[in-house]
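Worksheet: one structure, shown below.
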2 protein chains.
Amino acid sequence: MQATPTALDQQVPRPPKELLASTGFLLARLGYALKARSIKEFELAGLVPYHYSVLALLDEGACQSQATIAEALRLDRSQLVGLLDGLEERGLVERRRDRNDRRRHLVSLTPSGRGALAKCRAIVKRLEGEFLAPLDEESRQTLHDLLLQLARHYDPRFGPGGESG
Amino acid sequence: MQATPTALDQQVPRPPKELLASTGFLLARLGYALKARSIKEFELAGLVPYHYSVLALLDEGACQSQATIAEALRLDRSQLVGLLDGLEERGLVERRRDRNDRRRHLVSLTPSGRGALAKCRAIVKRLEGEFLAPLDEESRQTLHDLLLQLARHYDPRFGPGGESG
DNA sequence: TATTGTTATACTCTATAACTATA
DNA sequence: TATAGTTATAGAGTATAACAATA
């Protein structure tokens, strides 16, 4: 016999069972928990999760304008400014005027930026490994596929376009 | 032939593919999107999602103290005060002094509160149906099971204790 | 001294609008 | 006039601490 369930039941106040039946509640709750962990982990590297998003985006296609970056990440232009300031102060990205349109900044990764991106990937990999530890490999893959289906439905830009060609 | 993938690829800035490979990113993003929708839906009823949580909890075991409610929902005591104020103003819950310990408030559902709870359930059901529409019934069940496994791992109070007895 | 409910405070995130310089 | 980047401001959400009443 293990510790009786009723012991837990009476010692600590439990959340409504009703909420556990809601996929949406679980999704929102787990998503929030994971986001909180991510913020804490990235903080140790002097960054925030959005910094990683910016670095990853620049790595896939360099020299983008700030407006393009913001749109890709669904951020407001004004929010991106502070993120880029932080990255630029650490020498991870460069901002240069676009000679063809002097209103624009062309943002690009520096060598240090690529190094930082590698660190970010390591952080994310470890974090995700820890978070998904309760699931076996097959379950993780299934979960990923299901979430990807949903994500693609709500943001077509997540779709497979480009992979086929 | 459908619209070419390259058209979307070049017209709109796309998020980093790298992030799509991250289950955690998808989870956090979908969770946030769903939470935002929930807030908007509940707002039409003059409530917030936490109000539903409180009502559901009271329905499962009435006359709890505020500290107990807060702990069950993982809220800070001070945060619960405002939530209960809102519910009390609308006549959905009652606060009474505990005669055995006059520091405590015993909170209970009113008949109107039960009616409001029914409305909340309808809201959640519709919202979840819409959100999970891209998935068939079997996929929804699978997703729910996987999320529940994770949730139980991170909060043992979500475990099956009590269902066996 | 510790606990319950309450109030006050601060800090993050986010959304919006206004400002500049360029076009 | 419209756009790109920037700055300033306000709002919601949350976390922390201080407070009065009671134990």
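Atom set for the values below is all heavy atoms of this structure, side chains included, hydrogens, waters and symmetry mates excluded. What you see is a predicted model; the values in this text were computed from it and never measured. Below, chains carry the letters A, B, ... as their sequence lines are ordered, and counting in each starts from 1.
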Are any of the side-chain nitrogens in [X] or [Y] under 4.0 Å away from the carboxylate oxygens of its partner?
| X | Y | value |
| --- | --- | --- |
| Asp85(A) | Arg95(A) | yes |
| Lys17(A) | Asp59(B) | no |
| Glu130(B) | Arg126(B) | yes |

Rounding to a whole Å, what distance do you find between [X]:[atom1] and [N]:[atom2]?
| X | N | atom1 | atom2 | answer |
| --- | --- | --- | --- | --- |
| His51(B) | dG13(D) | NE2 | C1' | 14 Å |
| Leu83(A) | dA15(C) | CG | P | 13 Å |
| Arg74(A) | dT14(C) | CZ | C1' | 16 Å |
| Leu73(A) | dT14(C) | CG | C1' | 15 Å |
| Arg99(A) | dA4(D) | CZ | C1' | 19 Å |

Nucleotide-resolved protein contact map, nucleotides 1-13 of chain C, B/S/- at heavy-atom distance under 4.0 Å: -BBBBBB------
Nearest listed nucleotide, side chain of Arg102(B), among dT14(C), dT22(D), dT22(C):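 Side chain of Arg102(B) sits closest to dT22(D).
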side-chain hydrogen bond (donor to acceptor under 3.5 Å, both in side chains) partners of Arg103(A), counting only residues at least two apart: Asp101(A)
Those residues that, when tested against Ser53(A), pass side-chain hydrogen bond (donor to acceptor under 3.5 Å, both in side chains) (two or more places apart):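 None.
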Test applied, side chain to side chain contact (heavy atoms under 4.5 Å, CB included); reference residue, Leu92(A); option that passes from Leu109(A), Leu84(A), Leu47(A): Leu47(A)
